[in-house]
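What follows is a set of notes on a single structure, which appears directly below.
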Amino acid sequence: MTITQPKAVLLIRNPTAGRRRRGLVDAVVRQVRAEGWTVELVDTEAVGDARRLAETCDAGRYAVIAVAGGDGTINEVVNGLAQRGDDAPALAIVPLGTANVLAHELGLNFEAAAIARTMISGRTVAMQPGEACNGGAPRCFSLMAGAGFDAKVVAGVTAPLKRRFGRGAYLWRSMIEAQRYRPVRYAVEIDGVRYEAASVIVTRGRHYAGPYVVAPQAALSEPLLHVCLFERWGRAHTLRFGLALLMGRLPRAGGYRVIAGREVKVSVLSDAGEPGEQPVQLDGDDALTLPVSIGVASGSVRLLQ
């Protein structure tokens, strides 16, 4: 007996993301329906809604679960799908957020026609998400975990500020954090070998903050973490790293290197008198605090590209 795949999409939309691109979702829905597919659109109302929908989505009813939102909403859906194994629809993305890092990583076209084609006939890439834990239940991330400067920037950007200014909110907060800079040092253990860094990003992919490349050798299809170490301290070096990122030169910058591994531990070596716990960002959301253990999740998610 031949089992036919349902021609249906569950589209989860974050109504607060991408207010300037609201028409994109409508255009994608029209084109997918024009191909004879059914689209059920559900708006999230609170944090956790997207994860719950991904966990309970019926794979016998929907061939695809799509996300119209930013990296944070995608993160929720990835967390919901990662533990389901084969009992999960493929994941498609309608990029609406501030950075859309995963969309850049997959090389997606941001036009409605291309998004619709990917949703109904794109090829699948199996990705094992990263997984971070600081004593509680582990949390998955599709692309990155960060501690240090970028995590402090993320922690300082409120949702209203991000909705109002978009990427400008992160630039503004980066300037504040650069002025408040203290030489905090982090211990980073990669597969049992210890390093020190002024800031660290643990990533599954090549891109960061949108189209900018931080780990040229990374690939979502490989179950490896790429640990980006910023090894020089000081406000001037922080600004230099930021400029190198924007100019596409960070991988070649002095005092920066990337090390591949499977198990990573990050902790505070010296807090330099900085009060409070040190934050950890996951996929651009303030999520955990140090110390944290990071690995690759056992489950996988099928991404459409």
Side-chain angles (χ1 to χ4, degrees), residues 4-47 49-81 84 88-127 129 142-143 159 162-163 166-167 205 207 209-211 220 283-285 301-305:
T4 58
Q5 189 179 47
K7 297 175 69 173
V9 177
L10 175 63
L11 177 53
I12 301 171
R13 178 175 61 183
N14 178 353
T16 66
R19 291 177 181 270
R20 298 181 182 89
R21 307 190 74 206
R22 286 184 181 273
L24 178 64
V25 177
D26 294 336
V28 170
V29 170
R30 284 196 301 269
Q31 297 198 39
V32 172
R33 286 175 174 165
E35 295 295 325
W37 282 58
T38 300
V39 181
E40 182 178 344
L41 179 61
V42 180
D43 282 341
T44 59
E45 297 179 358
V47 174
D49 283 354
R51 176 170 183 165
R52 175 182 53 79
L53 289 165
E55 288 175 335
T56 59
C57 174
D58 183 1
R61 181 178 177 184
Y62 302 103
V64 175
I65 184 168
V67 183
D71 295 312
T73 309
I74 294 170
N75 176 276
E76 282 199 31
V77 173
V78 166
N79 272 273
L81 295 176
R84 293 184 56 171
L91 173 60
I93 297 171
V94 183
L96 293 182
T98 306
N100 300 304
V101 185
L102 186 56
H104 284 285
E105 189 68 26
L106 293 170
L108 299 182
N109 188 308
F110 284 43
E111 297 299 321
I115 294 169
R117 284 196 301 271
T118 298
M119 196 175 292
I120 62 179
S121 61
R123 71 182 186 92
T124 59
V125 176
M127 175 196 72
S142 58
L143 279 179
K162 184 164 60 172
R163 285 195 298 268
R167 290 189 182 186
H207 293 88
L220 291 176
D283 288 337
D285 278 348
V301 176
R302 293 184 299 126
L303 302 171
L304 287 169
Q305 70 172 161

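A donor and an acceptor atom, one from each side chain of Asn79 and Asn75, are located under 3.5 Å apart.
Considering every non-hydrogen atom in both Val78 and Pro129, the closest pair reads CG1-CG, 3.7 Å. The two residues Val64 and Ala92 come nearest to each other via the heavy atoms CG1-CB, 3.8 Å. Minimum heavy-atom separation, Glu35 to Lys7: O-NZ, 3.9 Å. Looking at every heavy atom in both residues, Ser142 comes nearest to Met127 through O-SD, 3.6 Å. When all heavy atoms of Arg302 and Thr124 are compared, the closest pair comes out as NH1-CG2, 4.1 Å. Counting all heavy atoms, side chain and backbone alike, Arg51 lies closest to Glu76 at N-OE1, 3.1 Å.
Using a 4.5 Å heavy-atom threshold, the side chains of Leu11 and Val28 count as separate. Within the 4.5 Å cutoff, the side chain of Leu106 has heavy atoms near those of the Leu220 side chain. With contacts defined as side-chain heavy-atom distances shorter than 4.5 Å, the pair His104/Pro211 qualifies. Side-chain contact check for Cys57 versus Leu81: every heavy-atom pair is 4.5 Å or farther apart.
At least one donor-acceptor pair closer than 3.5 Å links the side chain of Asp283 to the backbone N or O of Leu143. Without hydrogens or angle criteria, Arg167 side chain to Thr98 main chain gives a donor-acceptor distance under 3.5 Å. In this structure a side-chain-to-backbone donor-acceptor pair under 3.5 Å is present from Asp71 to Val101. With Gln31 contributing its side chain and Ala116 its backbone, the two residues share no donor-acceptor pair below 3.5 Å. Not one N or O on the side chain of Asp26 forms a donor-acceptor pair closer than 3.5 Å with the backbone of Gly23. At least one donor-acceptor pair closer than 3.5 Å links the side chain of Arg33 to the backbone N or O of Val39. Judged by distance alone, with hydrogens and angles left aside, the side-chain atoms of Arg84 form a donor-acceptor pair with the main-chain N or O of Ala54 at under 3.5 Å.
The distance from atom CG of Leu102 to atom CD of Gln305, rounded to the nearest 0.5 Å, is 10.0 Å. A distance of 12.5 Å separates CG in Leu304 from CD1 in Ile115, rounded to the nearest 0.5 Å. To the nearest 0.5 angstrom, Thr44 atom OG1 is 4.0 Å from Asn14 atom CG. With rounding to the nearest 0.5 angstrom, the CD1 atom of Ile12 is 9.0 Å from the OG1 atom of Thr73. Atoms CD and CD1, from Glu40 and Ile65 in turn, are 10.5 Å apart once rounded to the nearest 0.5 Å. Within the model, atoms CG of Leu91 and CE of Met119 stand 9.5 Å from one another, a figure rounded to the nearest 0.5 Å.
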